[in-house]
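By convention here, the first residue in the shown sequence is residue 1. Any value given below was found using the heavy atoms of this structure, including those in side chains, with hydrogens, waters and symmetry copies removed. Because the structure is predicted, anything quoted here is derived from the model rather than measured.
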Amino acid sequence: MTKTVTKAGLLSRRRLLTTASAGAVLAASPFRINLLQAEEAPIKIGFPVPLTGPYGAEAQDQVRAGQLAVAQFNDAGGLNGRKAELVVRDDKLNPGEAATRTLELVEKEKVNFVVGSLSAAVQLAINNVTKERGIIFNSISQSDAINEAADFSKYTFHEALNPHMTSGAVGRYAFPKFGKKIAFLTADYAYGHEMVRGFLEVGKEFNIENLGDIRHPLGTTDFSTLLPRLQALKPDILCISNFGRDQQIVLKQATDFGVKKSIQIIAPLLSHASRVAAGAQAFEGVVGGCSFYWGIEDKFASTKAFNDAFRKMYDGKLPTDYGALGYGGVRTVLEAVKSAGTVDTEKVIAALEALKYDYYKGPQYYRKCDHQSVQSVLVIKSKSKDMKNESDVFEVLSTEEPSEKNLRTCEALGHKS
């Protein structure tokens, strides 16, 4: 029997063959390959930190811990199989360099998010770029200004402590114990200024007497003309508001000048890396604040888990304070991505705002008005005896538990109620 094919059948068959051919061409075409590659592209997190300069040791710790957070996310399957990648850049502790590197991360590397910084001024430069480009930025360095309405945007999050929180906790501990006559030695940039402001604010509760504030440039190597002037003021407490190499040098010289014999030295922020670099003698007896200390692993299961994962990844080393901030800054963003089920900026912002987390130091959350992480502050003291290991360099004197009452109010920051 002869099979009859109608005109309509011929047209349908031609249409089918044409469609199939087009599909085959599309599947094999560069366009299709590029489309698939775009769908499977890693979730990129830009990570500008000062790998060179006086804060280099702290920055290296931030990178190591950030890489751990990425590795854990990827090992757990990523976002439906889509993996994350940390794209590190050296901002050289310079706001202009930081802005350039951040633009490079956004425009050339096409990062989805930015986490990083280790300077008040640098993080503001990064934040200016990211908020203009609509990119989420989670800062892991101390700053009060980044929470203020003038610099804040909905894309801005702040995983680190801020100076108001840190100086407040240290002041509430130190002023009742050591005396009310206070002298300040201050690094002459935003971080130092904000720390002093915080101490003076909390000092109102204790009627402290401000004997004077002597300021020095960032990168000072000789404090021999400043320390005698401070001693002459005869304070009960000398508050040294600087960081990194500056802090190491001044504490060594203060020890040599015998300042500690009659004056209690406090610092708003004590860095694990600085304590190790300068040694026990320079930091002996100094009281200060920090956001994290590995030794609280007996108190929090999350700290123990973080420490163990870090030990495993880095040949038995323990994470530091700034390392923990690198971990928290990256992990919160990735957990929000997982919760949102997407890298869509608006949905990730909503997920971060809803996040209640305990990843490395106890409970935390981001306050809605300024995206500041509400968290604990540790008051610590350097030690040189009864050390469990080479990383056991601090004693935790007290813990100020997470509370919004220890933050500047939303109204004071310029946010509408």
Side-chain angles (χ1 to χ4, degrees), residues 54-55 120 142 144 163-164 166-271 274-275 277-290 379-384 393-395 397-398:
Y55 301 168
Q142 295 226 14
D144 278 336
H164 185 86
T166 311
S167 56
V170 175
R172 279 184 282 272
Y173 179 87
F175 295 153
K177 288 180 172 59
F178 305 129
K180 297 182 179 182
K181 295 181 179 180
I182 317 299
F184 295 91
L185 178 65
T186 306
D188 195 9
Y189 74 120
Y191 166 86
H193 304 165
E194 291 177 352
M195 287 297 185
V196 171
R197 181 180 66 185
F199 276 120
L200 293 176
E201 185 66 29
V202 71
K204 294 175 183 176
E205 301 172 28
F206 303 97
N207 297 313
I208 67 167
E209 181 182 356
N210 179 8
L211 301 180
D213 181 5
I214 295 177
R215 297 186 172 184
H216 68 86
L218 189 65
T220 296
T221 57
D222 185 2
F223 294 89
S224 62
T225 61
L226 305 182
L227 290 169
R229 290 169 57 192
L230 290 162
Q231 286 177 296
L233 296 173
K234 296 184 178 179
D236 299 316
I237 298 172
L238 171 58
C239 177
I240 295 178
S241 293
N242 58 16
F243 188 71
R245 200 172 296 158
D246 288 358
Q247 189 180 84
Q248 297 168 34
I249 292 170
V250 73
L251 289 179
K252 285 181 179 179
Q253 293 179 8
T255 301
D256 294 340
F257 273 79
V259 173
K260 296 174 185 174
K261 293 177 181 178
S262 57
I263 302 170
Q264 173 64 49
I265 296 179
I266 66 173
L269 189 61
L270 292 179
S271 156
S274 289
R275 162 60 182 80
Q281 184 178 15
F283 276 76
E284 185 66 33
V286 178
V287 171
C290 72
V379 179
I380 56 177
K381 181 178 180 179
S382 178
K383 68 177 184 178
S384 57
V393 297
F394 293 123
E395 173 190 358
L397 300 174
S398 72

Check your understanding: Between E194 (side chain) and D144 (backbone), is there a donor-acceptor pair under 3.5 Å?
Key -> yes
Review point. Do the side-chain N and O atoms of E284 and S384 include a donor-acceptor pair separated by under 3.5 angstrom?
Key: yes
Check your understanding: Which heavy atom in T220 sits nearest to a heavy atom in D246, and how many Å separate them?
Key -> N-OD1, 3.6 Å
**Study point:** Aromatic plane relationship, F206 with F175 - under 30° parallel, 30 to 60° tilted, over 60° perpendicular
**Key:** perpendicular
Exercise for review: Flag the pair V259 / L230 as yes when at least one side-chain heavy-atom distance between them is below 4.5 Å, and no otherwise.
Suggested key: no
**Study point:** Main-chain N/O of F178 paired with Q264 side-chain donor or acceptor, under 3.5 Å
**Key:** no
Point to revise | Donor-acceptor pair, side chain of Q247 and main chain of L269, under 3.5 angstrom | key: yes
Check your understanding: Ignoring hydrogens and geometry, is there a side-chain-to-backbone donor-acceptor pair from Q231 to S262 under 3.5 Å?
Key -> no
Exercise for review: Could you check if a side-chain atom of P228 sits within less than 4.5 angstrom of a side-chain atom of F223, using non-hydrogen atoms only?
Suggested key: no
Practice item. Mind listing the closest non-hydrogen atom pair of A278 and K252 along with its distance? Key: O-CE, 3.5 Å
Check your understanding: If you count the non-hydrogen atoms of other residues, nucleotides and ligands that lie under 6.0 Å from CD in E205, is the total more than 12?
Key -> yes
Point to revise | NZ/K383: more than 12 non-hydrogen atoms of other groups inside 6.0 Å | key: yes
Check your understanding: So, the side chain of S274 versus the backbone of S271: is there a donor-acceptor pair under 3.5 Å, distance only?
Key -> no
Practice item. Can you sort out the partners of D213 under salt bridge (charged side-chain N to carboxylate O under 4.0 Å, His left out), two or more places apart, ordered by chain and number? Key: R215
**Study point:** For A174 against I237, the heavy-atom pair lying closest together
**Key:** O-CD1, 4.0 Å
**Study point:** Nearest non-hydrogen partners of V196 and F184, listed with the distance
**Key:** CG2-CD2, 3.9 Å
Study note, to complete from the structure: With sequence neighbours left out, the residues meeting side-chain hydrogen bond (donor to acceptor under 3.5 Å, both in side chains) with K260 are T255
Practice item. Indicate whether any N or O donor in one side chain lies under 3.5 Å from an N or O acceptor in the other, for T166 and Q142. Key: yes
**Study point:** Spatial distance of atom CG (D188) from atom CG (L218) [nearest 0.5 Å]
**Key:** 9.5 Å
Review point. Side-chain donor-acceptor pair under 3.5 Å between N242 and H216, yes or no?
Key: yes
Study note, to complete from the structure: Nearest heavy-atom approach of I240 to I265 is CD1-CG2, 3.8 Å
Exercise for review: Say whether, by atom type as modelled, one donor and one acceptor occur between the side chain of D236 and the main chain of K180 under 3.5 angstrom.
Suggested key: yes
